[in-house]
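Note: hydrogens, waters and symmetry copies are ignored here, and every other heavy atom, side chains too, is used.
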Amino acid sequence: MSLTVRRVEYTDQPEYTRLGGEAFGTPAGGRPAPTREEWDAAGFREWGTFDDGDLTARLRVYGFTSWFHGAQVPTAGVAGVAVAPERRGSGHLARLFGAALDEARDRGEVISTLFPTAPGIYRGLGYDVVGSFDDVDVPLQNLSRVAAPDGVVTRRASVADYDAVVAVHRAWAAAQNGPVSRAEKPFWTPPEKFFADYTGVTLAVDGSGDVVGFASWIRGEGYTPATAVMEVDDLIALTPGAARALWRTVGSFSSVVGTARVSTSGLDPAWLVLPDLTATVHAAHPYMLRILDVAGALGGVESPLEGAQVPFAVRGARDLAGAWTLTVSDGVTHLARDAVAIEDAHHVRPVLSPNGLALLYAGAQSAANLRTAGHLTGAPGHDAVLSALFAGRQLHVRDYF
């Protein structure tokens, strides 16, 4: 066996497409390989493991920015992971991820995220679940009781409103951890295509004429409430009045549509204006995160904990193992690497696993919970500050890849 891990080339596309079909299914009539022009224009990076020239494992990396701690963070989004059934469990995936993430790190991407089909596989590679992107079914009859907003009206958006829609998304996303910024391909969409993808985009406009929310929706088929479902990709509101106005607009379809299938994650504040939170999760997609560069990810984070100083260490993964001291000055975090052996670090500082580091950074788990799960060991004296440094923002995602 002669294994080679390398970037996938266009001439590999038939095998790349075939292996993807084995993993994720193939539509009737098959799935054609992309044309050279399509592949060149896509902008993603594809990697493969080859055994004597035969493709045995594959993945795709999207380079984009996502919002964490108030900043747009360079991110390597991994998708389309597949291994030939005869080679599963043989270590092909670890080598493939190692090469792809080394490249991502060299490109300045400090975190990596993915939507797993089997989270356990990726936990062994240092990823952990920090949130979930869910499609939730909301009965439209419940929306009829949403209180009328004061001073907010709705209107249909046009291409001329594209910048206002982008501004609302940016304002919302900057206050969360996790959202894709939509500033880069494949998440950036030309205005004409964005509006063409939906039956309608509805704006919420306040008394000053400012756009303070929007909902993008696809009406769907049928006009019997028992069976008709409309899809709502985004319902993003910056004020409670905007949330009420948008929910009431969706609810106005209740005579012909029974259910709104809304893309959401966690407890979005837009849902807090609903008098009845009755909803059913139609599909849940866990979201996983891994740190690629400790100093790059944890440094430069805005923090009110001026003067804080926390020594810590990371054990396990070769690319993350080491000891650091984190300090807060001038309102941001700074990291300095320490010459401390990992085997001695637990005597004087908290020690995180790669998974614990990801969960802490995303604000998904406290230090106390990480100790309970075995992802934080060593001296406990800094746990409260560690938790406080990266807490305060909810994890929300709105884009699947």
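When each of Phe64, Phe194, Tyr400 is checked for a ring pair (Phe, Tyr, Trp, His ring centres under 6.0 Å) with Phe187, only Phe64 meets the rule. Of the residues Arg18, Arg6, Arg7, the one that meets the salt bridge (Lys or Arg N to Asp or Glu O under 4.0 Å) test with Asp12 is Arg6.
Centroid-to-centroid, the aromatic rings of Phe390 and Phe68 stay 6.0 Å apart or farther. Ring centers of Tyr361 and His69: under 6.0 Å apart, within the cut-off.
A donor-acceptor contact shorter than 3.5 Å links the side chain of Thr249 to the backbone of Ala245. Using a distance-only test at 3.5 Å, with no hydrogens or angles considered, a donor-acceptor pair links the side chain of Asp268 to the main chain of Ala270. Arg58 places no side-chain N or O within donor-acceptor distance of the main-chain N or O of Thr49, the cut-off being under 3.5 Å. Using a distance-only test at 3.5 Å, with no hydrogens or angles considered, a donor-acceptor pair links the side chain of Asp206 to the main chain of Gly209. At least one donor-acceptor pair under 3.5 Å links the side chain of Ser181 to the backbone N or O of Ala183. Listed for the Ser387 side chain is no donor-acceptor partner under 3.5 Å among the backbone atoms of Val385. Not one N or O on the side chain of Trp247 forms a donor-acceptor pair closer than 3.5 Å with the backbone of Val273. Within the 3.5 Å criterion, the main-chain N or O of Val83 finds a donor-acceptor partner in the side chain of Arg88.
Taking CG of Leu370 as the start and OG of Ser353 as the end, the distance is 7.5 Å to the nearest 0.5 Å. Atom CZ of Arg156 and atom CZ of Phe195 lie 10.5 Å apart (nearest 0.5 Å).
Between Trp172 and His396, the two ring planes are tilted [angle within 30° to 60°]. Between Phe115 and Tyr287, the ring planes are tilted. Angles from 30° to 60° get that label.
At a threshold of 4.0 Å, the pair Glu109-Arg290 does not count as salt-bridged, since none of the basic side-chain nitrogens sits closer than that to a carboxylate oxygen. Remark: Asp128 engages Arg123 in a salt bridge, criterion side-chain N to carboxylate O under 4.0 Å. Taking the charged nitrogens against the carboxylate oxygens, Arg315 and Glu343 have no contact shorter than 4.0 Å, which rules out a salt bridge. A salt bridge links Arg261 and Asp137; the closest N-O separation between the charged side-chain nitrogens and carboxylate oxygens is under 4.0 Å. Ionic pairing of Asp383 and Arg349 is not present here: no N-O contact between side-chain nitrogen and carboxylate oxygen is shorter than 4.0 angstrom.
Contact record, Pro191 with Val159: CB-CG1, 3.9 Å, taken as the closest heavy-atom pair.
Residues Phe253 and Thr259 fail the side-chain proximity criterion, which asks for heavy atoms closer than 4.5 Å. Residues Val294 and Leu335 have side chains in contact (heavy-atom distance under 4.5 Å, counting atoms from C-beta outward). In this structure, the side chains of Val310 and Trp324 stay at 4.5 Å or more apart for every pair of heavy atoms.
Sorted by first and then second residue, the salt bridge (Lys or Arg N to Asp or Glu O under 4.0 Å) pairs with a member in residues 227-253 read Arg182-Asp234; sequence neighbours excluded.
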### Task
Just do the side-chain hydrogen bond (donor to acceptor under 3.5 Å, both in side chains) check on Thr56 and His92 with the steps written out, would you?
CA-CA 8 Å; Thr56 58; His92 288 208; 2.9 Å; yes
### Step-by-step side-chain hydrogen bond (donor to acceptor under 3.5 Å, both in side chains) determination, Glu184 to Thr65
CA-CA 7 Å; Glu184 304 88 14; Thr65 55; 2.8 Å; yes
### Query
Yes or no on side-chain hydrogen bond (donor to acceptor under 3.5 Å, both in side chains) for Thr278 and Asp276, after CA distance, side-chain angles and deciding distance?
CA-CA 6 Å; Thr278 301; Asp276 186 342; 2.4 Å; yes
### Query
Please walk me through it: do Thr202 and Arg155 pass side-chain hydrogen bond (donor to acceptor under 3.5 Å, both in side chains)?
CA-CA 6 Å; Thr202 298; Arg155 67 171 174 84; over 6 Å; no
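For the side-chain hydrogen bond (donor to acceptor under 3.5 Å, both in side chains) test, no residue two or more places apart in sequence or in another chain qualifies with Gln176. Evaluation of the side-chain hydrogen bond (donor to acceptor under 3.5 Å, both in side chains) rule for Thr189 yields no partner, not counting sequence neighbours.
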